[in-house]
Amino acid sequence: MTQQGTLGIAVIGTGKMGADHVRRIDEVISGARVAAVVDIDETRAKAVADTAEGCRAFTDPAAAMDAPGVDAVLIASPGPAHEAALLSAFERDLPVLCEKPLTPDAASALRVLEAEQRLGHRRVQVGFMRRYDTEFMELKALLATGELGRPLMLHCRHRNASTHPYFTTEMLISDSVVHEMDQSRWLLEQEITTVTVLKPTPNSHAPEGLSDPQLVIFETSGGALVSVEMFATCGFGYQVQTEAVCERGTARVGDAHGMLVNRPGGWGGGIAPDFVARFAEAYDREVQAWVDATRRGEVEGPSAWDGYAAAAVCEAGLRAQKTGERTPVEMIERPAFYR
Ligand code: ISE
């Protein structure tokens with residue numbers, strides 16, 4: 001660690017999320033600095049590097065990890081590039097915060113698990129930021145008290161205003177519903193055992209060929225049911241809501257409308273445009289927690305095991321999406337290393 005114990009971070013990927021993390025590390029959180037950024041688009045890497053003092057731009061992740069002053073790696077590149085970046089970080093025994101998904105499929109996630117276990121110590125925190133959202137943390141704490149009794153069902157709504165041009169029907173599961181996969185495992189402390197995907201006639205405002213919205217149903221090892229409405233082209237903004245239905249009551253989070261205003265002709269609140277705005281504080285808390293744990297020499301938060309479990313559920317989800325059938329999740333037994 002350099003500069004009085006300040007953690008020097010290499011940020012891999014300078015798209016929407018990577019650039020936002022660079023700003024966050026530079027301006028919002030404490031104890032860290034951006035030492036390097038990487039992007040295959042050199043111009044974009046340089047433009048983002050220019051926003052953070054002392055930051056160098058690279059096009060090769062390995063070269064950035066070897067740069068002077070780099071103590072840790074934040075991976076925010078597209079999912080298919082994660083495995084190679086994770087394995088390079090392990091070769092250098094560097095701590096990693098890896099944006100979701102850990103990797104795009106269960107086989108590659110398993111290779112990452114095995115490589116981390118060969119290191120002999122945990123190195124990875126996965127960026128499931130909902131675990132750091134105040135409302136979701138409150139819901140988790142309430143369920144843990146047992147006051148409402150056993151959770152029977154979760155009803156989740158996940159809405160995005162619109163999709164980017166290369167968003168596919170499969171990505172509704174692997175890029176979007178992956179959040180509900182992790183959130184459900186975390187809230188219920190159970191594994192997801194089956195996935196069913198139902199598709200209504202698509203929204204006529206969805207891009208040609210995109211099957212949106214979808215209704216996804218999980219069954220869990222403890223006999224709970226989870227319903228997820230995934231609607232990626234809702235048109236009106238970004239919404240993530242969850243209602244837990246328990247034996248003695250219900251609890252709902254994510255209305256997140258902020259201030260309620262009365263004005264001539266009506267009343268109401270605002271709605272976030274996207275995940276960067278809606279989960280800004282959760283991302284701040286997540287990255288700060290990672291930096292703090294790393295500076296203490298510890299690893300906390302969602303682990304590579306959680307990343308693997310989500311990848312295994314995604315795989316079942318993608319099969320269920322094609323066949324329309326209730327599809328079992330295939331997972332290895334949890335290694336003692338991740339207990
Ligand atoms: C995006 O990648 C995210 O992670 C967002 O949280 C999610 O709402 C969106 O659907 C994904 O594409």
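In each ligand, atom 1 is the first atom listed, and ligand 1 is the first ligand listed.
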Quick one: which ligand 1 atoms are inside 4.0 Å of a heavy atom on [X]?
{"X": "Ser176", "answer": "9 (C), 10 (O), 11 (C), 12 (O)"}
{"X": "Met129", "answer": "6 (O)"}
{"X": "Phe167", "answer": "12 (O)"}
{"X": "His158", "answer": "7 (C), 8 (O), 10 (O)"}
{"X": "Tyr238", "answer": "5 (C), 6 (O), 7 (C), 8 (O)"}

(request) Would you please determine whether Lys100 falls within less than 4.0 Å of ligand 1 on a heavy-atom basis? (result) yes
(request) Please verify whether a non-hydrogen atom of Phe279 lies at under 4.0 Å from ligand 1. (result) no
(message) Please determine whether a side-chain nitrogen of the Lys or Arg among Glu247 and Arg150 lies less than 4.0 Å from a carboxylate oxygen of the Asp or Glu.
(response) yes
(request) Supply the atom-to-atom distance Glu27 CD to Asp284 CG, rounded to the nearest 0.5 angstrom. (result) 10.5 Å
(request) Could you tell me the separation between the CD atom of Glu99 and the CE atom of Met129, rounded to the nearest 0.5 Å? (result) 7.5 Å
(request) Looking only at protein heavy atoms, identify the closest one to atom 11 (C) of ligand 1 and say how far it is in Å. (result) Asp175 OD2, 3.3 Å
(request) Tell me which protein heavy atom sits closest to atom 9 (C) of ligand 1, plus the residue, atom name and distance to 0.1 Å. (result) Asn160 OD1, 3.2 Å
(request) Answer whether the closest heavy-atom distance between the side chains of Met181 and Cys314 falls below 4.5 Å. (result) yes
(request) Indicate whether any N or O donor in one side chain lies under 3.5 Å from an N or O acceptor in the other, for Thr242 and Gln183. (result) yes
(message) How about CZ on Arg326, more than 12 heavy atoms from neighbouring residues, nucleotides or ligands closer than 6.0 Å, or not?
(response) no
(message) I'd like to know whether CD1 of Ile332 has more than 12 heavy-atom contacts from other residues, nucleotides or ligands below 6.0 angstrom.
(response) yes
